[in-house]
Amino acid sequence: MPETGRPTNGSNAGGVRVGVYVCHCGTNIAGTVDVRAVSEYAAGLPGVVVSRDYKYMCSDPGQALIQHDIQELALNRIVVASCSPLLHEPTFRRALDRAGLNPFLLQVVNIREQVSWVHLDKQAATAKANDLVRAAVRRVFLHKPLQRRRVPINPNVLVVGGGITGIHAALTLAEAGKHVYLVEREPTIGGHMAMFDKTFPTLDCAACILTPKMTAVGSHPGITLWTYSEVVKVAGYVGNYRVQVKRKPRYIIEDLCLGCQECVTACVYKEGKTPDEFNLGLSKRKPVYLPFPQAVPQKVVIDPETCIEFKSKKCKKTCVEACGDRQAIDFTQKETLEEIEVGTIILATGFKTFDAGRNPYYGYGRYPNVYTSLEVERLINAAGPTGGELLLRDGKRPQAVGIVHCVGSRDANTNRWCSKVCCMYSLKLAHLIKERTGAEVYNFYIDMRTPGKGYEEFYDRLLDEGVHFVRGRVAEVTDWAAHPSEKGKLVIRAEDTLAAFVRRIPVDMVVLSVGLEPQLDAQAVRRIFNISCSSEGWFLERHPKLAPVRTFTEGVYIAGACQGPKDIPDSVAHAGAAAAEALALIDAQFVELEPYTAFIFEDACSGCKSCIPLCPYQAISFAEEKKKATINEVLCKGCGTCVAGCPSSSIQQNFFEDEEIFEEIEGVLAYA
Amino acid sequence: MKCAYYPGCSLRGTGKAYEESLLAVFRSLGIEVQELDDWNCCGATTYLSVDELTSYALAARNLALAERERMDIIAPCAACYLVLNKTQHYIRDYPDIKTVVSRALATVGLEYHDRVRVRHPLDVFLNDVGLKAIAAKVVRPLKGLKVAPYYGCQIVRPYATFDDQRNPTSMDQLLEACGATVVPYPLKTRCCGGSQKGTLPEIGLHLIRYLIAEAQKNGADTIATVCPLCQFNLECFQKEAGSQRHPLSIPVLYFTQLMALALGAPAATIGLRRSLVPVEPLLAAKEIAYA
Amino acid sequence: MELKRTVKFEADRDPEFARWISHTVGGERIRHCLQCGLCSASCPLSLYMDYTPRRLMHLSREGFKEEVLSSSSIWLCTACYACMVACPKKINITHLMYALKERAIEERFYPKRFPIPVMAQQFCRMVRGSGRITESWLILRVFLRTAIWRLLSMSGLGWKLFRAGRMPARRDKIQRQHEIVAMLDSVAATRKELAL
Amino acid sequence: MRNRQLTRAPQPQAAFEPRIVAFFCNWCTYLAADLTGTSRMKYAPNVRVIRLMCSGRVDPQFVLDAFAQGADGVLIGGCHPGDCHYQEGNYRTLRRYHLLRRLLRQMGIEEERFRLEWISAAEADRVRNAINDMVERVRALGPLQLEPKREDREEVAV
């Protein structure tokens, strides 16, 4: 046993014996806070039996030190001054538990994230650490042994979003024998990946690798697939969520529709009139349609906005006729609400692409031959509107194509972040465009970012293919010809920073490599699931490195591009990680909840009922026979709002009792 | 095996001392050489910039002449060594070049089948004779003589055939075997400017200045070179490259002159008197007897 | 102040030049250039260059022929091969410099009385005439055609070298000079035939 | 130990360092404060943070006690409206905050000494700015001058 233990004033206040442990955290704390002085100071506080400082309290020897002291010195309260309690409170609580002390007789003082890392003045930092330790010692006096609540885990899982991330997560869980509800907003699953032609860097066709997974989702007995549906409400808590799903009417009885599309052929519209969402408006669809040939489920949809029957009620309904005996078409279908119970939730709601119109100087929407990269994905897709031929709006083949990187990325005027996938998909498009049209292809980039397996090699291959790489951000795209060779062309103006002069490059087609953004309704969605967003609007993970798919809400996981820009391999890996986290929870069969619930001193309760409306979980009710409020512990989530609102102080919260907080307040303010 | 000695044009002019001392070392070490019959200019770096195809043909004539005699070539001049090596590589790598060269050789009744090795004296001394054998033959150890070994560019670049490309040490080892002290010389493979001193004098002088100043700073008594052009640049323009505040003066010798001296060759036969910077005071100061 | 248009139009580019450079001997890998600048940083002459080797590689593969061939850099290159050995993409930069020099001489992209091409031409002429180079004669010829005054300033050095026996007055010559001439003519003929 | 008279006296007048007690909610502001640390942002060392699960737990008594015990300012940090981990706890905080501010004003405590900030888990810079700004403002106001009051709560046995 190390002999750094300091003599204390030895006063034994009511049998309370406190041990104080000050962590150096290498130099993380010790570099700014005089840990020895803090430990010495703590040794002089009333009730402190032992006070030590140690290099790494969280290490095994550090924990053993506490355990040893508890047993040898009969300690019954522990204060650890170290990193944030959000990091190692569980570690130290386990240490107490192992030593036979109730884990809640511990108070952790945050002297790293909120002291040593944020202050430069060593003296002030040490004084602050002393104050915080003093408050903790005073507070821990009042701590009471508490018991965690165990709740069972419902093995069903909800996966929100049917892109490649959601698909992979759902399949992984279903294969593990769990029941999965996969909810997708669009009429089909597949997400953005279904729109792509080829995938980088291997150039395997997106449909070839995606559609088998899509059909597997559609036919898996363990997956309930609800497309054209949205989650509207989530209640409950980890392991026991109650979720309401809104199912929009597709005016087709899914169980009866075979996907034969005879109704589509028979529709009174001989030609499509509505911009096709899946092809980004580059083609037209009818009011009754299948989003794309490999859609899952293979069920058509009727769009009430454009269907004549909905407008005039006077349509000949040739579709119904074509459907015949199957009678799958139902114009009277209404929106329904389904309620399901799940134990865990995986959010895989993906991203949206940047609206290129926000950068007007690139001429998107003004010049017909300025496209977004996603549109070009559709144009070069064999199943796309042009059958895979890259043609300009006038049907001609482009002779020169400019690909503009970082549109809506790395730009303080729009989005500051790097969208991560654009370099690689731009290279892919450059390759495909050159291959299909033989055009001169110019890439305008700021930095070429190709960190991934086989990615740099792909870039090298593109270099060899003779694609031009101009390092510089494009200033503008215009149709103003400053030279005879520019007549009738779109002129891209950028500095070639490697050549160190400005270049004007006339092209026939401009591809804007748009960045990735959070979905427009990301804020609304995160509120439904009670999670946070980063300042950019991406869903916030619990820890950027060590808990990338967890959130601060237990049992709710995030996966894929809803957490930040990701390519397909990363999204799939993320999906697997989220599924594994959910499975780990399910297989544990129960989860322990913190015991921070509220309770009532019935003697003091006046029955004023003012607490009852304060509780968002309806955990407080009024017992008429006693004329007192009662709290249902199972429903209480431990926020403490009712405690603060009780006019007679007759509600208290475990671990956050009024007296405990008062001690802490007075502790930080009392002069030594 | 007898080798074909390919002196190259410079060793008949400014680099005369190189030839004299090299032959003396050959004699001392018992290496049998025979001058390549009717050798011609390799084309050097200059021909390459006017007409590279022709330059390969010119170099190939020498290769073919050696091949006919079934001998390997020893090329002491760094430029010759590189050009001959490079020609071999390009004939191997580019069928068009091979065609051009073969046809040109055929017009004068020559053939080339890539059976010749082009070697540098450093390589021959170090790997064929060996340090032990050389040390055994040293009669006049260069004790106390501090030498900066200067390899220049083309011995190790771009083809590192017998030494490390970034930090060659073959000459260091040979000189140490002769009893000399080799001083650290980080610029050992930095360019001397080649013919730049003749065409763009300021630039040539700039490069020469740093090479000499660094050798002097590191305490060298002399700089040892492997290339006639390097020797010429460093010796003949050192005065011009220096300034009043930082005068430059240091003998620049061929490594073969130092070796020949150690191996006991008569001083008169190794071209010491051809130096523009007098060598005698240095050798006297180091008590290296020579006669 | 003289103002010059610096913005480049695509019409300023010569795609044929770009094609040529990537198909010339040694230029096979130029397109792989990542523009890392290791060549420029390795080059002992880059501090005097108007375009560093890196920039020259980029301009060449993009086809900016005027800029490349009128650049001083191609003449400053001493063929020390430092760039080529360093290049992480194994681009034969030194050889490309030779190719550019050759092209620049062919298309007369150099100032009048510029000594480097003059020396190259005199060198070739001497090889054709003698089969070997006699340095003293070569230097004399070059200075006569470029800068006579420098000949005067060099005369001191020349005299010293002459006295040291390093400046032979007689021109060295091979015995079978006709072989050299025949070979040179053969190369010219084959080049024409194969359009190299 | 709780005698304010005794404890306040040694403070030298020249170098007034305000003492501020902060109540941060566990899910947003406390996290943001941790992020300030991991991002190594620097701020004034005058604030002592007390962690609560929700800003809705901040009992007005806590604030009053802090002022009574010698705090020169009190800062409450919670999730942005609509973002409360407990759905609507921060709305309760807001309501109590307005009431309490009025009460404090009547007690002669300047408004700037009592502050409520909405800081989400990602807004590390807001933690720094809020703390630095508040410290400066309170420093400008000087020490809180309160008539010493008799303890109205029972001592906890120590």
Side-chain angles (χ1 to χ4, degrees), chain B residues 9-10 12-17 38-41 43-54 57-58 61 82 90 94 96-97 99-101 103-108 110 152-154 156-158 165-166 189-196 198-201 203 206-207 236 273-276, chain C residues 25 44-45 48 75-76 78-82 84-85 92 94-95 97-99 101-102 105 114-117 119-121 123-124 126-127 130-136 139 142 150 157 160-161 164-168 172 174-176 178-180 182-191 194 196:
Chain B
C9 309
S10 292
R12 292 292 148 88
T14 51
K16 199 140 180 120
D38 201 35
W39 58 269
N40 61 274
C41 170
T45 51
T46 316
Y47 219 114
L48 275 169
S49 40
V50 182
D51 179 351
E52 70 175 270
L53 276 176
T54 312
L58 281 172
R61 179 171 177 269
L82 168 72
Y90 277 63
Y94 296 97
D96 281 350
I97 293 180
T99 310
V100 171
V101 169
R103 285 196 194 178
L105 288 173
T107 58
V108 295
L110 287 170
C153 318
Q154 301 184 331
V156 283
R157 286 196 304 257
Q165 207 151 26
R166 307 261 175 172
T189 61
R190 197 181 150 92
C191 180
C192 73
S195 57
Q196 225 53 304
T199 47
L200 299 166
I203 290 169
H206 166 89
L207 295 167
C236 301
R273 292 227 157 77
R274 298 191 193 278
S275 283
L276 301 191
Chain C
V25 171
L45 274 313
Y48 292 112
W75 306 110
L76 285 170
T78 60
C80 78
Y81 292 91
M84 185 176 148
V85 164
N92 201 335
T94 313
H95 202 91
M97 289 292 196
Y98 277 133
K101 243 185 259 191
E102 189 173 333
I105 291 175
F114 190 53
I116 298 175
M119 178 165 99
Q121 282 151 353
F123 190 98
C124 298
M126 191 176 270
V127 169
S130 317
R132 289 184 192 166
I133 296 296
T134 308
E135 291 156 323
S136 41
I139 292 166
V142 171
R150 283 200 30 220
L157 176 65
K160 279 189 214 159
L161 288 170
R166 294 166 70 175
M167 271 278 181
D172 197 4
I174 66 169
Q175 291 149 24
R176 303 189 291 277
H178 61 274
E179 289 192 7
I180 299 292
M183 284 181 70
L184 294 183
D185 292 343
S186 158
V187 171
T190 317
R191 185 206 305 272
L194 301 180
L196 293 173

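Heavy-atom basis, side chains included; hydrogens, waters and symmetry copies ignored. To find a chain, count down the sequence lines: A is the first, B the second, and so on, and within it residues start at 1.
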So which residue, [options], ends up with the most heavy-atom pairs under 4.5 Å with chain C?
options: Gly43(B), Gly152(B), Gly15(B); value: Gly43(B)
options: Ala104(B), Ala17(B), Ser10(B), Cys153(B); value: Ala104(B)
options: Pro201(B), Cys192(B), Gly194(B), Ala44(B); value: Pro201(B)
options: Thr189(B), Val156(B), Ile203(B), Leu105(B); value: Ile203(B)
options: Ser49(B), Ser195(B), Cys191(B); value: Ser49(B)

Which bit of [X] is near chain B, if near means a heavy-atom gap under 4.5 Å: side chain, backbone, both or neither?
X: Leu45(C); value: side chain
X: Ile180(C); value: side chain
X: Glu135(C); value: side chain
X: Val25(C); value: both
X: Ile174(C); value: both

First locate atom [atom1] of [X], then atom [atom2] of [Y], and finally report the distance between them rounded to the nearest 0.5 Å.
X: Ile97(B); Y: Thr190(C); atom1: CD1; atom2: OG1; value: 12.5 Å
X: Glu179(C); Y: Arg61(B); atom1: CD; atom2: CZ; value: 4.5 Å
X: Leu184(C); Y: Leu58(B); atom1: CG; atom2: CG; value: 5.5 Å
X: Leu48(B); Y: Met97(C); atom1: CG; atom2: CE; value: 14.5 Å

Checking [X] against chain C: side chain, backbone, both or neither under 4.5 Å from a heavy atom?
X: Leu207(B); answer: side chain
X: Leu53(B); answer: both
X: Arg103(B); answer: both
X: Ser275(B); answer: backbone

Are [X] and [Y] side-chain neighbours, meaning at least one heavy-atom pair lies under 4.5 Å?
X: Phe114(C); Y: Leu200(B); value: yes
X: Gln196(B); Y: Ile116(C); value: yes
X: Met183(C); Y: Asn40(B); value: no
X: Tyr98(C); Y: Thr45(B); value: yes

Nearest heavy-atom neighbours spanning [X] and [Y]:
X: Ala79(C); Y: Gln154(B); value: O-NE2, 3.0 Å
X: Ala182(C); Y: Val108(B); value: CB-CG1, 4.0 Å
X: Thr46(B); Y: Ala120(C); value: CG2-CA, 3.5 Å
X: Arg157(B); Y: Cys80(C); value: NE-O, 2.6 Å
X: Pro115(C); Y: Thr199(B); value: CG-O, 3.3 Å
X: Leu157(C); Y: Cys236(B); value: CD1-CB, 3.7 Å

Partners passing side chain to side chain contact (heavy atoms under 4.5 Å, CB included) against Ala164(C) (at least two apart in sequence or in another chain) =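 With sequence neighbours excluded, Ala164(C) shows a side chain to side chain contact (heavy atoms under 4.5 Å, CB included) to Arg274(B), Leu276(B), Arg166(C), given in chain and number order.
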If you count heavy-atom pairs under 4.5 Å between each of [options] and chain B, which one has the most?
options: Val127(C), Leu194(C), Asp185(C); result: Val127(C)
options: Cys124(C), Ala82(C), Pro168(C), Gly131(C); result: Cys124(C)
options: Lys101(C), Met84(C), Glu102(C); result: Glu102(C)

message = According to salt bridge (charged side-chain N to carboxylate O under 4.0 Å, His left out), who are the partners of Arg12(B), at least two apart in sequence or on a separate chain?
response =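 Scan of Arg12(B) (salt bridge (charged side-chain N to carboxylate O under 4.0 Å, His left out), adjacent residues dropped) gives Glu19(B), Glu35(B).
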Arg191(C) side chain to Val100(B) backbone, donor-acceptor under 3.5 Å =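 Such a contact is absent between Arg191(C) side chain and Val100(B) backbone.
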inquiry  = Tell me whether the rings of Tyr47(B) and Phe123(C) are parallel (<30°), tilted (30 to 60°) or perpendicular (>60°).
reply    =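 Aromatic pair Tyr47(B)/Phe123(C) classed perpendicular.
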